[in-house]
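To start, the structure under review is shown below, and the notes come after it.
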Amino acid sequence: MSEEFSYLDKLNDVQRQAVECTEGPMMIIAGAGSGKTRVLTYRIAHLINKGVSPFNILALTFTNKAAREMQERISTIVGASDAKSLWMGTFHSVFAKILRSEAPKLGFPSNFTIYDTDDAQRLVTQIIKDLALDKEIYKPRQVLSRISSLKNNLITTSVYERYPECTEADSAARRPKLIDIYRQYVERCFKAGAMDFDDLLLRTNELLARFPDVLSKYQNMFRYILVDEYQDTNHSQYLIVRALADRFQNICVVGDDSQSIYSFRGANIANILHFNRDYPSAKVFKLEQNYRSTKNIVGAANSVIKRNKEKLDKNVWTSNTDGEKITVVCNPTDNEEAYYIARSIKKFKETEPDDNYEDFAILYRTNAQSRALEDALRRHNIPYKIWGGNSFYSKKEIKDFLAYMRLCINPKDEEALLRIINYPIRGIGNTTIDKLIVTAHHYDRTIFEVIKNLDKLPQLSINSGTRATLDAFSSMIEAFGVYAATDDAFTAGEKILKESGMLKKLASATEPEEIARYENVQEMLNSMKDFVETQKEIADSDSTLASFIQDVSLMTDVDRSDQDKKDSVALMTVHMAKGLEFKTVYIAGMEEELFPSMMSSAERSDVEEERRLFYVALTRAEKRAILTYARQRCRYGKTSDCELSRFVQEIDDQYLDMSVPADMAKSVSNILDASIFGSSDKIVARGASAQNYGQTYRRGGDETSYQRKESAKPTFDTGNFKPVSASSSSQAKAGEINLNVGQRVRHERFGDGTVTAVEGSGIDSKAIIDFDNIGIKKMLLKFAKIQKI
DNA sequence: ATATCGTAACTTTTT
DNA sequence: GTTACGATAT
């Protein structure tokens, strides 16, 4: 074998066949940890080595991150310039790029705006208001998700009208006017020159269906098509792929039906289950050997997933060692769960010095769970990084900044205009804005056009001062438009920030959170600078503001370069973790109603999806998986009792170690661990921990804030608080107090009261107490400092 | 026109 | 525990 094909030696038999079989349709069913990415990257490299031009290869991934990583790996084999010439990216980014050059055919400007979920929701809310519909019945969120699902199934408004079952479905859901909202929504997006995420796929379908010459152009261009995570494609994506592959049939899809976790956004597992129907001649390769995990982990995961009915036949196995069993740990509360995990990481770091922080991941079902975990890690001085969430791009100041940039590129962009027409405050209030909207509607023009032509609308009752302000606003936006057209993205962004008044407004900040806003905007500017620099290195590059905005519209937080935190524990949702691997994985919140999620318990197929999600979580682990759950969790402001997740019970016993005690005393002493307080001789008893809760919050101010944060962790890092050692009186065995209804009690802070009810037993019992002065409170007896009187 | 405060409603998961 | 919206006061 020649030197340049030496990478083939690194593959097992099936993997190599999958790489070398380049022609015709094929499906690779890749079990978790079976080297899927390796096959995909080698296959692309192999195509290039065999002489296929990278311009003729289309490789679609699910996340920008996956695309970037794959590109890097390919460039180590075939060199950077070839790797960069590939058509590789997410469905959304690749087709946004294509649409950008073809948009005029569909009546869109090529600088069309991409509405994010926020923009879309604002628009839907507005439409519901305009149509005078009840927003309790037409909940914007639900309406939007219905529209999204219609679009993903290519049910346009006209298709909707042709199929009575659509109307029936919405009538049944008591939303007969949904079609009116849908129609308005599409109309207003079109007028605004905007597409939402689903439109990027839907309009691509429209483009390929309506313009045979365009279809044939891209069919010829994409002679080889590869789709990663095929199990997560929705109908719209499926149709695009099928249309493009129709000519050459060189389509290679890679996926694992057991890891399909995106049905909530329209992913259709049938696409992979029925691949053979679409391509009867398709070759199927199954990668079943897991190279990632221990036998215990693979076995445990298999024992769970086998309960699903909808799946392809496959047998994932490994020749790795048995390894440790899966540990299951119970903690009294979610906060203590977080502390347990932090301590556990500390312990592993001591006993296994080779492990770095980056070898650990903490996975959870919902983003909201990260708070407690962050808190615990911070207090233990463990570096961590939160992956995902959309916190950066959904910050107000970032959205405002982006809105200015969007508006000057596409003045039809109504969402952007409404965001910033009066920010910073320039005296254009709601009444004026309403008048503008009505006028725009009346003349079938955009708001921006109305503002620009105010002098032709003397009958509009807007006073001359406001008219002047509006005039200044539109001139400013047009000036920005010139920057966008002539300067690079960074230079233009800098000018816009300054001249819009945003910078001045933010720079005058005094409050810490305002300063943070200023810094965020600076960070945005930095990323614009990076963008311009990076574009310089690419042939026929485009470093304009428009190009930047197009890019950034499809970015998530994960895609921001964050090199400062290299060696750190990864925190993310299970969804985010797909495709990643870590030596040690904690899965937090293994509770019914959380994982599986509350929303999913009704339908079997939903539970199956949650189970696949759990399968994904478990199979991220190489050496060790630790499942934790809490008996009480603070959700949604209130604490509620939790039960162990059914998924833990579905794991075959032989892979489980349930022996770790759910020991209250131990966990509480964890909280008081020396590493937190910085003095090792202060391990105090349980009674004192209750004391500390109270003590710390005393400075928190009023009664209500104490009450609300009762179960939260005290904040040690900002104040000058020393742990109070247990005084004899407060050590009065708070947890062991025995209360009966009617008992008069005295609370250190709330005063005297009467017990009206007692719930639960033992250490977790709660009492409802009617305090004479402040009314009814429910308290956890193990924390409350109550005396009988 | 704007600032401030209080309340209601909300949480899966993401491009 | 947060956020977004609406009512009220300035």
Side-chain angles (χ1 to χ4, degrees), chain A residues 60-67 89-96 114-118 120-122 125 129 135-136 139-142 145 148 152 195-201 229 232-234 236-237 260-267 334 363-372 387-391 393-396 422-434 463 465-466 469 553-559 572-578 589 593-601 606 609-610 612-614 616-617 633-639 704-705 707-712:
Chain A
L60 297 168
T61 61
F62 245 73
T63 62
N64 294 307
K65 184 161 165 271
T90 63
F91 275 90
H92 291 86
S93 69
V94 166
F95 296 116
I114 298 173
Y115 275 178
D116 66 14
T117 314
D118 258 30
Q121 199 155 313
R122 276 168 74 123
T125 311
K129 210 180 261 172
K135 67 174 195 282
E136 291 306 310
K139 295 196 168 150
R141 207 193 168 81
Q142 289 174 9
S145 103
S148 166
N152 285 326
M195 297 197 200
D196 65 17
F197 290 137
D198 305 317
D199 285 333
L200 296 175
L201 307 173
E229 310 282 13
D232 283 327
T233 49
N234 62 33
S236 193
Q237 292 166 323
S260 167
I261 55 175
Y262 281 101
S263 74
F264 70 91
R265 72 171 205 223
D334 48 355
L363 309 183
Y364 37 80
R365 179 68 240 269
T366 63
N367 281 308
Q369 287 166 260
S370 68
R371 178 187 320 274
W387 290 82
N390 244 30
S391 45
Y393 291 109
S394 57
K395 285 180 197 298
K396 183 187 177 301
N422 199 29
Y423 177 84
I425 287 158
R426 43 176 77 87
I428 304 172
N430 283 334
T431 24
T432 308
I433 293 171
D434 284 345
N463 67 41
T466 313
T469 315
S553 304
L554 296 169
M555 294 253 189
T556 61
D557 271 25
V558 186
D559 301 314
M572 67 188 90
T573 62
V574 182
H575 282 89
M576 282 301 316
K578 192 166 72 163
E593 314 245 279
L594 182 61
F595 199 179
S597 138
M598 187 153 49
M599 326 292 277
S600 73
S601 35
D606 289 342
E609 172 143 321
E610 294 283 312
R612 290 191 294 268
L613 193 53
F614 179 58
V616 168
R633 180 168 300 274
C634 183
R635 276 227 265 178
Y636 201 172
K638 288 197 200 76
T639 45
T704 47
S705 85
Q707 224 264 329
R708 234 184 312 117
K709 293 181 177 172
E710 199 163 37
S711 63

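Bear in mind that the values here come from a model prediction, so they are computed numbers and not experimental data. Below, all heavy atoms of this structure are taken into account, side chains as well, without hydrogens, waters or symmetry copies.
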Side chain of A:Arg371: nearest nucleotide among B:dT15, C:dT2, B:dT13? C:dT2
Which residue lies more 5' along DNA chain B, comparing A:Phe197 with A:Arg426 via nearest heavy atoms: A:Arg426
Which of B:dT15, B:dT12, B:dT2 is nearest the side chain of A:Ile425? It is B:dT2
Would a distance-only check, ignoring hydrogens and angles, find a side-chain to backbone donor-acceptor pair under 3.5 Å from A:Asn152 to A:Ser236? no
Indicate, with a heavy-atom threshold strictly under 4.0 Å, whether A:Lys139 touches base, sugar-phosphate, or nothing. sugar-phosphate
Would you say the ring centers of A:Phe62 and A:His575 fall short of 6.0 Å from each other? no
Look at all strands and tell whether A:Met576 reaches a base, only sugar-phosphate, or nothing, counting heavy atoms closer than 4.0 Å. sugar-phosphate
Using whole Å, what does the distance between atom P of nucleotide B:dA9 and atom CD of A:Gln121 come to? 15 Å
Among B:dT12, B:dA9, B:dT14, find the nucleotide with the atom closest to the side chain of A:Thr573. B:dT14
Go through C:dT2, B:dT11, B:dT12 for me and flag the one nearest to the A:Ser597 side chain. B:dT12
Find which nucleotide of DNA chain B each of A:Asn367 and A:Asn430 is nearest to by heavy atoms, and output the residue with the more 5' nucleotide. A:Asn430
Sugar-phosphate only, base, or nothing, as touched by A:Thr432 at under 4.0 Å among non-hydrogen atoms: sugar-phosphate
From CD of A:Glu136 over to P of C:dG6, roughly how many Å is that when rounded to an integer? 11 Å
Nearest to the side chain of A:Tyr262, heavy atoms from C-beta on, is which of B:dT15, B:dT14, B:dT11? B:dT14
At 4.0 Å (heavy atoms only), tell me whether A:Phe62 reaches a base, stays on the sugar-phosphate, or touches nothing. sugar-phosphate
Any side-chain heavy atom of A:Asp232 within less than 4.5 Å of one from A:Gln237? no
Could you tell me whether A:Arg141 contacts a base, only the sugar-phosphate backbone, or nothing, with contacts defined as non-hydrogen atoms closer than 4.0 Å? sugar-phosphate
Between B:dT14, C:dG6, B:dT15, which one does the side chain of A:His575 approach most closely? B:dT14
Which part of the nucleic acid, if any, lies within contact of A:Asn422, taking any heavy atom under 4.0 Å across all strands shown: a base, the sugar-phosphate backbone alone, or nothing? sugar-phosphate
